[in-house]
Amino acid sequence: MSEAVPLGGPRFQTEPAGLYREMRRDHGSVVPVELDGGIPAWLVLGYRELHQVTGDPVLFSRDSELWNQWENIPEDWPLLPMIGHRQPSILYTVGERHRQRAAMISSALESVDPFELRRQSERFADELIDTVCLSGEADLVAQYSSLLPVRVLAHLYGFPDDEGPGLVTALNDMIDGRERALAGQSHLASSMARLVADRTEKPADDVVSRMLADDSGFTGEEIVQDLMVMMAAGHQPTADWIGNSLRLMLTDDRFAASLFGGRNSVAEAMNEVLWEDTPTQNVAGRWATRDTHLGGRRVRAGDLLLLGLQGANSDPQVRTDASALTGGNNAHFSFGHGEHRCPFPAQEIAEVIARTGIEVVLDRLPDIDLAVPAGSLTRRPSPWLRGLTELPVRFTSTPALGGTSR
C-alpha cells in the first residue's frame, strides 16, 4: 500500500475530524492505512460501507486467525492487546458459539438491578467528589472520570473495592497501545483469573458468578477472557463519555443551562458526544474471508478492516448538516452494529454510570467552570479511543458528604 496513511501521529489527538475529512477526500470511504511497524490494513470510514462490513459476518469475519499478516507480527507488538491472536474471547468467536456466548454475557448483565446500579454509581461518584470538593478545583479526568466506571464495574463483577485503582492503571496501559500495553494486559488477566477461581469456589450475587453458573459449557479461561473484554469495553469508553460530555457542557453555550440547576440537556449532550466526539473512534476489526470489493477497493482474503466509527458518524452522506444538534437520533455507530455490537444490557449499564457521573458533578460542584482556556485542552495520543488528558475546573468549595446519603 504505497499510498497508505499512518494510523497514528498528533493529528488523531488534535484534529481527528479534519483528518478523517482529508482521508475521505483523498482516498474515499475505504482508506489504506499502516499500523505500527508498517503493518497494512483498511480503515472503513463510509457509513454505508461500515454498515455492510458489520452486517455481513460471513464475508467480514471476526475470526482474527484469518489475518494474512500474522507472520509479520512480532511477539512484543504493542497492538496485540487490541488485535488478539488465538484469544478465546467473545471478540474472536464466530457463529453459533458466539451467539451462545453473547447470550451468556447478556443474561449475566441483565440481572444487574438498575436501582442498585444507580445507587452504587452515586456512592462511588460521591466518594470521588468528596476528595476534591473542599479545594475548589479539580481535574475531572484524573481525579474523577478515569476512576469512576471501573470502580462500579469491579463492584458489579465481584472485585473488592480496593482493587479498583490497580485495574484502572492496567486498563489504561493496555488500551493506549504503547510500551506498557502488554504489562497492563497481564495484570488484568491475572486479576480476572483470581476472581474467577474465587467465585468458582464461593459463588456470590455478582456478574462473574452468574456467568460461571451458565450451562453452555464455557471454560474458566474463556470466562476470564470475556471479563477482560467486558472490563476494557466498559471502563475507558465510559470514562471518556463522561469527560467528553462534561467538556461539551462546559464549552458549548447550547448546553450551558444544565450547569445551572437543570438536567434536561444532559442526555442530549451525551448523545451529541456519541455522534461528534465518540470515545471509541476506531476498532480492530474484521477480516475478509475471500477476495472482494468494498468502497471501490479490492480487498484480499485475510486483509484486516478497521471499523472507523467516528469517520462513519461524520460521513457527509449521513450528516448533511454537521452543525445541527442530533437530538434523539441514535443511528450512530458508537456502540457498533451487527451481531458483534455492544450487548444492549452493557450499553444500558454504561449509560447509567456515565449519566450518574455527570449529574453528581452538576449536583455537587456549584458554579463549575473551566480553569483553563477551552483551546488548551488536549487529548490522549491514540487513534483508537478519544479522551481528554485532563479537564481542570474550578468551583465554590463545598463540604464533603462523608458517606452520607444524598
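Here, residue 1 is the first one in the sequence, and each next residue gets the next number.
Enclosure of atom CG in D205 is not indicated, since only 12 or fewer non-hydrogen atoms of other residues, nucleotides or ligands lie within 6.0 angstrom. Summarising the local packing, CZ of R48 is surrounded by 12 or fewer heavy atoms from other residues, nucleotides or ligands at distances under 6.0 Å. Few gaps surround CD on Q143; more than 12 heavy atoms of other groups in view lie less than 6.0 Å from it. Within a 6.0 Å radius of CD in E137, other residues, nucleotides and ligands contribute 12 heavy atoms or fewer. More than 12 heavy atoms of other residues, nucleotides or ligands shown are found within 6.0 angstrom of CZ on R297.
Minimum interatomic distance between L148 and G357 (heavy atoms only, all atoms of both residues): CD2-CA, 3.7 Å. Residues E222 and G217 approach most closely at OE1-O, 4.3 Å, considering heavy atoms. Considering all non-hydrogen atoms of both residues, C342 and A346 come closest at SG-CB, 3.8 Å. Considering all non-hydrogen atoms of both residues, A269 and M249 come closest at CB-CG, 3.7 Å. Annotation for A312 and Y47: closest pair O-CD1, 3.4 Å, computed over non-hydrogen atoms. Taking every heavy atom of both residues into account, A239 and S145 meet most closely at CB-O, 3.0 Å.
Under the 3.5 Å distance criterion, the side-chain polar atoms of S106 are matched with a main-chain donor or acceptor of A102. Proximity of a side-chain donor or acceptor of S314 to a complementary backbone N or O of G311 within less than 3.5 Å is detected. At least one donor-acceptor pair under 3.5 Å links the side chain of S209 to the backbone N or O of A204. The main-chain N or O of E276 is never found under 3.5 Å from a side-chain atom of N313 such that the two would form a donor-acceptor pair. With hydrogens and angles disregarded, no donor-acceptor distance shorter than 3.5 Å links the side chain of S107 to the backbone of A103. In terms of modelled atom types and a separation under 3.5 Å, the side chain of D303 and the main chain of R300 share a donor-acceptor contact. With hydrogens and angles ignored, the 3.5 Å screen pairs a side-chain donor or acceptor of S397 with a backbone N or O of L134. Listed for the D139 side chain is a donor-acceptor partner under 3.5 Å among the backbone atoms of L391. A donor-acceptor pair under 3.5 Å is absent between the side-chain atoms of R394 and the main chain of G136, judged by distance alone. Within the 3.5 Å criterion, the main-chain N or O of V58 finds a donor-acceptor partner in the side chain of T289.
Looking at N244 and L388, their side chains come closer than 4.5 Å, going by heavy atoms from C-beta outward. Within the 4.5 Å cutoff, the side chain of D240 has heavy atoms near those of the Q236 side chain. Side chains of L377 and P392 form a contact here, defined as non-hydrogen atoms less than 4.5 Å apart. Contact annotation: the side chain of L50 never approaches that of H337 to less than 4.5 Å [non-hydrogen atoms, C-beta and beyond]. Residues P366 and T398 form a side-chain contact, since some pair of their non-hydrogen atoms from C-beta on lies under 4.5 Å apart. Inter-residue side-chain proximity for D130 and R364 is flagged as met; some heavy-atom pair is nearer than 4.5 Å. No side-chain heavy atom of V132 sits less than 4.5 Å from a side-chain heavy atom of Y144. W42 has its side chain out of reach of L304: every pair of non-hydrogen atoms, C-beta onward, lies at least 4.5 Å apart.
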Checklist entry - When you look at E351 and M270, which way does the side chain to side chain contact (heavy atoms under 4.5 Å, CB included) test go after all the steps? => result CA-CA 9 Å; E351 188 168 352; M270 291 172 63; 4.2 Å; yes
Checklist entry - Would R119 and D113 satisfy salt bridge (Lys or Arg N to Asp or Glu O under 4.0 Å), going step by step from the backbone distance to the final call? => result CA-CA 10 Å; R119 190 179 74 81; D113 183 333; over 6 Å; no
Item to check | From CA spacing to verdict: side chain to side chain contact (heavy atoms under 4.5 Å, CB included), L294, Q52 | outcome: CA-CA 9 Å; L294 180 71; Q52 179 181 346; 3.6 Å; yes
Item to check | Derivation of the side chain to side chain contact (heavy atoms under 4.5 Å, CB included) call for V393 and D369 | outcome: CA-CA 5 Å; V393 296; D369 197 7; over 6 Å; no
Item to check | From CA spacing to verdict: salt bridge (Lys or Arg N to Asp or Glu O under 4.0 Å), D198, K202 | outcome: CA-CA 6 Å; D198 183 63; K202 296 175 291 183; 3.2 Å; yes
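Using cut-offs of 30° and 60° for the angle between ring planes, the W67 and W70 rings count as perpendicular.
Between the side chains of E116 and Q120, at least one donor-acceptor pair of N or O atoms lies under 3.5 Å. The closest side-chain donor-acceptor pair between S216 and Q100, if any, does not fall under 3.5 angstrom. A side-chain N or O of N72 and one of Q69 form a donor-acceptor pair less than 3.5 Å apart.
A search for side chain to side chain donor-acceptor pair (under 3.5 Å) contacts involving E75 returns nothing, not counting sequence neighbours. R11 pairs by the salt bridge (Lys or Arg N to Asp or Glu O under 4.0 Å) definition with E15, E22, not counting sequence neighbours. Residues forming a ring-ring contact (aromatic ring centres under 6.0 Å, His included) with H187 (at least two apart in sequence, or on another chain): none. Residues forming a salt bridge (Lys or Arg N to Asp or Glu O under 4.0 Å) with E110 (at least two apart in sequence, or on another chain): none.
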Sequence neighbours left out, cut at 3.5 Å: what donor-acceptor pairs do the side chains of residues 151-171 make with other protein atoms?
| unit_1 | atom_1 | unit_2 | atom_2 | d |
| --- | --- | --- | --- | --- |
| R151 | NH2 | E127 | OE1 | 3.1 |
| T169 | OG1 | P165 | O | 3.4 |

Show me the donor-acceptor pairs, under 3.5 Å and distance only, between side chains in residues 277-284 and residues at least two apart or in other chains.
| unit_1 | atom_1 | unit_2 | atom_2 | d |
| --- | --- | --- | --- | --- |
| D277 | OD1 | R386 | NE | 2.7 |
| D277 | OD2 | R379 | NH1 | 3.2 |
| D277 | OD2 | R379 | NH2 | 2.9 |
| T278 | OG1 | S334 | OG | 2.7 |
| Q281 | OE1 | Y20 | OH | 3.2 |
| Q281 | NE2 | T278 | O | 2.9 |
| N282 | ND2 | Y20 | OH | 3.1 |
| N282 | ND2 | P383 | O | 2.6 |

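Once rounded to the nearest 0.5 Å, the distance linking CZ of R355 with CZ of R118 reads 8.0 Å. In this structure, CG on L306 lies 11.0 Å from CZ on R286, to the nearest 0.5 angstrom. Rounding to the nearest 0.5 Å gives a distance of 8.0 Å between CG of N271 and CH2 of W241. Here L43 contributes atom CG and L307 contributes atom CG; the two are 9.0 Å apart, rounded to the nearest 0.5 Å. Here the CG atom belonging to L59 is positioned 4.5 Å from the OG1 atom belonging to T292, to the nearest 0.5 angstrom. Atoms CZ and CZ, on R194 and R199 in that order, are 13.0 Å from each other to the nearest 0.5 Å.
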